[in-house]
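This one's a predicted model, so the numbers in the text were calculated from it and none came from an experiment.
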Amino acid sequence: MAGDITTIARPYAEAIFERAKETGQIDAWSEALALLDAVTSDAQLAAQIDNQTVPREDLLELILAVCGDALSTEAANLLRLLAQNSRFAAVSEIARLFEERRVADQGVRQILVRSAFEVDDQQREALSQALSKRFGGQIDLTLETDSTLLGGVEIRAGDLVIDDSVRGKIKQLAHALQL
């Protein structure tokens, strides 16, 4: 399901980013998408978005009313397009992908490293330097501890996943044995 929503959201996020860059409104779009994400993520509204019996036009008017003058004409038009295509559920992913693209455009690559154990400052610095060299530029490193990995690390940089965890190796072995 998460992959499906990303597939739906990516063209919107890419088009919005290109338009934002073309008009010099990247920060304004970032704020607008963050607002739309916050509004559509509200538990009560999210329940209505998931309810297919609620007319999309009613949801559109409600969201526009909540956002008020904080949305530009173009952002309101985006919202209308999402309503027309029944894509309100993709707003959070559109906002996430837009931010990912914005950061990448600035030359900074966001990298998530999940480790089975805590990473100390020295290890973090070494990892940061190695990843910066590997990806050829500035990186924004986020570290998470995940004991389900059993050992090793999992590195995510956009669509690239490097799984050097024990859990990942066990899965690869299981898959190889099934063939």
Between L64 and A76, the two heavy atoms sitting closest are CD2-CB, 3.8 Å

Would you check if V161 and I155 make a side-chain contact, meaning some heavy-atom pair closer than 4.5 Å?
no

Residues pairing under salt bridge (Lys or Arg N to Asp or Glu O under 4.0 Å) where one sits in residues 39-66, two or more places apart or in two chains, turn out to be none

Those residues at least two apart in sequence (or on a different chain) that pass side chain to side chain contact (heavy atoms under 4.5 Å, CB included) with N51 are Q48, T53, V54

Value for CG (L141) from CD1 (I111), rounded to nearest 0.5 Å, stands at 6.5 Å

Q) In terms of side-chain heavy atoms, does S115 have a donor or acceptor partner in T145 at a distance below 3.5 Å? A) no

Can you give me every donor-acceptor pair (side chain of residues 166-179, partner residue at least two apart or in another chain, under 3.5 Å) with its distance?
unit_1, atom_1, unit_2, atom_2, d
R167, NH1, T148, OG1, 3.0
K169, NZ, D164, OD1, 3.0

Separation between CG (D4) and CD1 (I8), nearest 0.5 Å, reads 6.5 Å

**Study point:** Pair S165-L150, side chain to side chain contact (heavy atoms under 4.5 Å, CB included): steps then yes or no
**Key:** CA-CA 7 Å; S165 67; L150 304 176; over 6 Å; no

Across all chains, not counting sequence neighbours, the side chain to side chain contact (heavy atoms under 4.5 Å, CB included) partners of L62 are L45, V66

Open item on the list: Checking the side chain of Q123 only, and the main-chain atoms of D120 only, is there a donor and an acceptor separated by less than 3.5 Å?
Closed with: yes

Interatomic distance, OG@S132 vs CG@L127, rounded to 0.5 Å, equals 11.0 Å

Contacts of Q138 meeting side chain to side chain contact (heavy atoms under 4.5 Å, CB included) (sequence neighbours excluded), chain-then-number -> V108

Applying salt bridge (charged side-chain N to carboxylate O under 4.0 Å, His left out) to E118 and not counting sequence neighbours gives none

### Check: V153 and V119 side chains under 4.5 Å, non-hydrogen atoms
no

Checklist line | Other residues, nucleotides, ligands: >12 heavy atoms within 6.0 Å of E22 CD | finding: yes

Residues passing the side chain to side chain contact (heavy atoms under 4.5 Å, CB included) test with A116, sequence neighbours excluded, are L149

d(W29 CH2, I94 CD1) to nearest 0.5 Å is 10.0 Å

dist L36:CG -> L78:CG (nearest 0.5 Å) comes out at 7.0 Å

Determine, using the 4.5 Å side-chain heavy-atom cutoff (strictly less than), whether L112 and L143 are members of one ILVMFWY cluster. no

So salt bridge (Lys or Arg N to Asp or Glu O under 4.0 Å) across residues 124-133, not counting sequence neighbours, yields none

In short, S41 meets D37 closest at the heavy-atom pair OG-O, 2.7 Å

**OP:** Would you kindly confirm whether V39 and L81 end up in one hydrophobic cluster when ILVMFWY residues are joined by side chain heavy atoms under 4.5 Å apart?
**Re:** yes

Heavy-atom nearest pair, A9 first then A90, reads CB-O, 4.1 Å

Residues pairing under salt bridge (Lys or Arg N to Asp or Glu O under 4.0 Å) where one sits in residues 101-111, two or more places apart or in two chains, turn out to be E14-R101, E18-R101, K21-D105, E99-R102

R134 meets the salt bridge (charged side-chain N to carboxylate O under 4.0 Å, His left out) criterion, sequence neighbours left out, with none

Check: Under the 3.5 angstrom rule, does the side chain of S30 hit a backbone N or O of I26 as a donor-acceptor pair?
Finding: no

Shortest non-hydrogen pair, A13 vs L97, comes out as CB-CB, 3.6 Å

The complete set of salt bridge (Lys or Arg N to Asp or Glu O under 4.0 Å) pairs with one or both residues in residues 66-90, sequence neighbours excluded, reads R19-E74

Residue pair L33 / Y12, side-chain heavy-atom distance below 4.5 Å
no

Rounded to the nearest 0.5 angstrom, the CG-CG distance for L82 and L59 is 12.0 Å

Residues passing the ring-ring contact (aromatic ring centres under 6.0 Å, His included) test with F17, sequence neighbours excluded, are F98

